[in-house]
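Counting starts at 1 for both ligands and their atoms, in listed order.
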Amino acid sequence: MAGIYIHVPFCKQACHYCDFHFSTSVKKKPEMVEAICKELLLRKEEIKNEVETIYLGGGTPSLLSAEELAQIFQVINENYSITTDAEITLEANPDDLAEEKIKMLSASPVNRLSIGVQSFFEEDLRLMNRAHHAEEALESIKLAKQYFKNISIDLIYGIPGMSNERWKENLKIALDLGVPHISSYALTVEPKTALKSMIEKGKVAPVEEELAKEQYEILIETLSAAGFDNYEFSNFGKPAFFSRNNTAYWFGKAYLGIGPSAHSFDGFKRKWNISNNTLYIKALQKGEIPAEVEKLSISDRYNELVMTRLRTKWGIAVDEVERSFGRKFKDYLLREATKLVESGMLEWNDNRLQVSKKGKFLSDGIAADLFWVEE
Ligand code: SF4
């Protein structure tokens with residue numbers, strides 16, 4: 001089984017915290033869609049198996065028109081074998097989700113919406129420079145629910161000025177709306193973002209790690225009590241609503257990344273396309289794929305498995321480590337894990353190594369302690 005990821009690199013305006021690849025000028029959108037279709041065509045041989053997930057991410061894929069979406073799905077249908085029950089997700093921003101648009105999307109192959117809400121409060125949305133307003137966040141979800149069963153929303157915690165009370169209220173609103181999946185991330189201050197410079201100039205209060213940790217705990221507690229399974233560090237789903245796209249990624253399945261800055265993985269190599277819309281379009285017009293490739297060593301692959309699996313509820317299956325990487329890596333993992341188990345950060349469950357409740361917020365650091373470091 002395999003997945004296709006398509007990066008749609010346009011946004012109405014730049015969110016202050018964002019370091020993804022996108023342009024706020026949509027002038028080149030038609031040429032970009034052409035180039036994406038061409039890349040899909042040129043790389044079809046790279047996917048040998050049936051495709052079970054398609055994910056349109058970005059940027060803002062909800063900026064695509066009905067015709068542009070149809071153009072992309074036509075190339076996919078004519079050149080790839082898609083399972084009948086494939087999960088087809090489109091990331092959408094609330095300000096794009098008027099009823100006509102949602103109707104159009106529900107008539108397209110898209111069967112899952114991932115809505116970039118981030119917060120239901122105007123103060124937070126303005127601080128982050130989101131293009132939508134609090135009212136639109138509410139309305140878009142109410143409308144989307146009339147046409148889609150499978151809806152996820154994104155929420156951000158740790159926003160400067162957002163109290164625990166306001167965070168609890170955000171979660172309450174999400175629960176009252178009845179969405180079956182929530183992805184929630186701590187606000188991170190990335191280099192070269194507007195947020196970073198605003199904090200440096202004292203215009204915005206710094207992000208407090210301790211507050212983010214408290215809000216993460218509130219998140220887990222509130223959503224668990226409401227019947228959500230915290231199946232990955234940042235992802236919470238009701239049964240049968242886990243993201244199949246994300247789960248496939250954490251389990252190392254192959255995926256084809258199409259569009260500028262998109263990453264691909266075939267189990268052994270990573271490829272990433274150029275992060276420049278003009279150069280990407282020009283290359284595809286000449287029939288070239290503007291990508292760099294990195295072959296992963298066995299220790300890179302082991303480290304990636306440790307990193308991604310420890311963030312999931314399934315943890316690291318020791319048998320799988322031995323099967324995929326050999327006895328040497330399994331013994332290394334067992335040895336390095338001993339101290340972390342003794343300190344209560346990791347625990348054993350059915351021959352799987354999992355992060356304990358105590359270690360949860362620190363799972364990336366714990367993973368780093370288990371990494372194989374080449375001499
Ligand atoms: S809409 Fe998404 S991709 Fe676009 S700037 Fe905001 S966070 Fe970044």
Inset, instruction - Heavy-atom contacts with Gly59 under 4.0 Å: which atoms of ligand 1 show up? List them by number with element. - result: 3 (S)
Inset, instruction - Determine the interplanar angle of the Trp314 and Phe242 rings, folded into 0 to 90°, and report it as parallel if under 30°, tilted if 30 to 60°, perpendicular if over 60°. - result: perpendicular
Legend entry - NZ or CZ of Arg301 within 45° of Phe329 ring axis and under 6.0 Å: no
Legend entry - Transitive ILVMFWY side-chain link Leu56 to Phe22, under 4.5 Å: no
Legend entry - Distance flag, aromatic centroids of Tyr249 and His263, threshold under 6.0 Å: no
Inset, instruction - Would you confirm whether Asn129, through its side chain, and Ala14, through its main-chain N or O, come within 3.5 Å as a donor-acceptor pair? - result: yes
Legend entry - Protein N/O/S atoms closer than 2.8 Å to atom 6 (Fe) of ligand 1: Cys15 SG
In a table with atom names and distances, give each donor-acceptor pair under 3.5 Å that connects a side chain of residues 143-150 to protein atoms at least two apart or in another chain.
| residue | atom | partner | partner atom | Å |
| --- | --- | --- | --- | --- |
| Lys145 | NZ | Leu177 | O | 2.8 |
| Tyr147 | OH | Glu99 | OE2 | 2.5 |

